[in-house]
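Encoded as structure tokens, the structure appears first; notes follow it.
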Amino acid sequence: MSERFELSFKNKEVRMWCYLAIPTFIILILMINYSDTNYQFFVLLAFWAIFYTWRYFYRKKNKDKTS
């Protein structure tokens, strides 16, 4: 845990989270309001899966680059 986390748009992980989260929550709100199905949690599940998959490969690439 020696690495500090910078919560600003200079941090690529924060930018990517915002790029994915904002459209996801808009789609989620629209689905809740206009859809009769009860599968809204799939949208959130897809968001988390995409983000953490991207984050894994991003950190792996940066770790290989520094080594």
Inter-residue atom distance Tyr34.OH - Ile29.CD1, 0.5 Å rounding: 11.0 Å
Report the residues that fulfil side chain to side chain contact (heavy atoms under 4.5 Å, CB included) with Ile50, sequence neighbours left out, ordered by chain and then residue number. Leu20
If every non-hydrogen atom of Cys18 is compared with every non-hydrogen atom of Pro23, which pair is closest and at what distance? O-CD, 4.1 Å
Partners meeting side-chain hydrogen bond (donor to acceptor under 3.5 Å, both in side chains) with Thr53 (sequence neighbours left out): none
In Å, rounded to the nearest 0.5 Å, how long is the span from CH2 of Trp48 to OG1 of Thr24? 9.5 Å
Spacing of OG belonging to Ser35 relative to CD1 belonging to Ile27, to within rounding of 0.5 Å: 12.5 Å
Calculate, to the nearest 0.5 Å, the distance between atoms CZ and OH belonging to Phe9 and Tyr19 respectively. 7.0 Å
Would a hydrophobic clustering, with Ile, Leu, Val, Met, Phe, Trp and Tyr connected at side-chain separations under 4.5 Å, put Ile22 with Leu30? yes
Restricting to side chain to side chain contact (heavy atoms under 4.5 Å, CB included), what partner residues turn up for Phe42, sequence neighbours left out? Tyr39, Leu45
Using the rule that Ile, Leu, Val, Met, Phe, Trp and Tyr join whenever any side-chain heavy atoms are under 4.5 Å apart, tell me whether Ile32 and Leu44 fall into a single cluster. yes
Any heavy-atom pair between the side chains of Lys10 and Arg15 that's under 4.5 Å? no
Members sharing Phe57's hydrophobic cluster (side chains within less than 4.5 Å): Tyr56
From NZ (Lys12) to CG (Asn62), nearest 0.5 Å: 8.0 Å
State which residues pass side chain to side chain contact (heavy atoms under 4.5 Å, CB included) with Ala21; sequence neighbours excluded, sorted by chain then number. Trp17, Phe25, Phe47
What distance do Met16 atom CE and Arg55 atom CZ have between them, rounded to the nearest 0.5 Å? 12.5 Å
Listed partners of Tyr58 passing ring pair (Phe, Tyr, Trp, His ring centres under 6.0 Å), at least two apart: Trp54
